[in-house]
Amino acid sequence: MRTFEPDSSIVSDIIPSPNHGERNKGRQPDMIVLHYTGMPDVEGALARLCTAGTEVSAHYVVLEDGRIVQCVPEARRAWHAGVSSWAGEDDINSCSIGIEIINRGHDWGYPEYPLRQIAAVIALCRGIILRRKILPQRVLGHSDVAPARKKDPGEKFPWHSLANSGVGHWVTPAPVVRGETLMLGTISDEVLSLQQALARYGYGVPLSGKYDAATMEVVTAFQRHFRPARLDGVADHSTLSTLQALLASLPTDETNVASK
């Protein structure tokens, strides 16, 4: 593949990936999905994203020192989300821009994200948001759109710092306190209400009234993004209150509607 002009003025290098295609039905991206690379080093991560046959790629890679590499033009469909869904859509690759952040991830020690790297992520996202008119609640993590499979960018990712700079949706998490909880095996109207609230926000969750394994995975993903103080998949008062505060802070005509 020939090289291309970067979509962002803050891109430092272009390393073209052959792994991309047309966006389905001409779909324009209106979502950003953030990932970590989850590999021991940057060289291996870039090789995987930019080698034919790996069937994986991303539009951008943000290095630990803040440099930004573009691998796929924004107009093209990169292969970063895999089997995933959000707000009733299941071709997340066609509607999103994928950003990989160099971090070894949970399998390799999961270090903190350097401040310079986060500043670069913020600057990159702000430009995309302005160009693409992306709503705050559609800046998501890989774990949000694929809660059964993925943990990235993980509980150490500073979503609050991004939101303070105009990137993403955030409310201060409700404190963790003792009290009634909904947990694996519970069957009740309260569980159905929880599932409906998660679905209104955008998560792919069964609306069964039963707190099953799939519901627990979604609750854990929600906690990882919005209430990282405790990741246990149990819907306690803090989790429920934080979810309701997020929904309440959305304009009524911008609430995600999941398919029934």
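The hydrophobic cluster containing I128 also contains V167, counting ILVMFWY residues as joined when their side-chain heavy atoms lie under 4.5 angstrom apart, directly or transitively. When the side chains of ILVMFWY residues are joined at heavy-atom separations under 4.5 Å, either directly or via intervening members, L124 and V61 end up in two distinct hydrophobic clusters.
More than 12 heavy atoms of other shown residues, nucleotides or ligands fall within 6.0 angstrom of atom CZ in R131.
In this structure, W159 and H225 have parallel ring planes: the angle between them is below the 30° cut-off, well short of the 60° mark.
Using modelled atom types, one finds a donor on one side chain and an acceptor on the other under 3.5 Å when comparing D144 with Y203. A side-chain donor-acceptor contact under 3.5 Å links H169 and S249.
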Donor-acceptor list for residues 213-224 side chains, cut-off 3.5 Å, not counting sequence neighbours:
unit_1	atom_1	unit_2	atom_2	d
T215	OG1	Q195	NE2	3.0
T215	OG1	D212	OD1	2.7
T220	OG1	M216	O	2.9
T220	OG1	G233	N	3.4
Q223	OE1	D232	N	3.1
Q223	OE1	G233	N	3.0
Q223	NE2	D232	OD1	3.3
Q223	NE2	V234	O	3.0
Q223	NE2	T239	OG1	3.1
R224	NH1	E155	OE1	2.7

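For the pairing with L49, the side chain to side chain contact (heavy atoms under 4.5 Å, CB included) check across I15, V72, V56 returns one residue only, V56.
A salt bridge does not link R27 to D91: none of the charged side-chain nitrogens sits closer than 4.0 Å to a carboxylate oxygen. In summary, R132 and D7 do not engage in a salt bridge, as defined by a charged side-chain N under 4.0 Å from a carboxylate O.
Considering only heavy atoms from C-beta on, E74 stays 4.5 Å or farther from P29 through its side chain. Annotation: side chain of V177 is not in contact with side chain of S238 (no heavy-atom distance under 4.5 Å).
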Practice problem: Evaluate side chain to side chain contact (heavy atoms under 4.5 Å, CB included) for I118 paired with L162, printing each intermediate quantity in order. | Solution: CA-CA 8 Å; I118 294 302; L162 271 69; 4.0 Å; yes

- Task: Would you check, one step at a time, whether the test side chain to side chain contact (heavy atoms under 4.5 Å, CB included) holds for R23 with R76?
- Result: CA-CA 6 Å; R23 292 187 182 274; R76 302 288 288 173; over 6 Å; no

(Q) Show, in sequence, the C-alpha distance, side-chain angles and deciding distance for Y113 and Y36, and conclude whether the side chain to side chain contact (heavy atoms under 4.5 Å, CB included) test is met. (A) CA-CA 10 Å; Y113 291 90; Y36 64 41; 3.5 Å; yes

Note to self: Would F226 and L243 count as a side chain to side chain contact (heavy atoms under 4.5 Å, CB included) here? Give the steps.
What the structure shows: CA-CA 8 Å; F226 295 107; L243 173 57; over 6 Å; no

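Here side chain to side chain donor-acceptor pair (under 3.5 Å) pairs that include residues 48-58, with residues two or more places apart or in two chains, are N19-T54.
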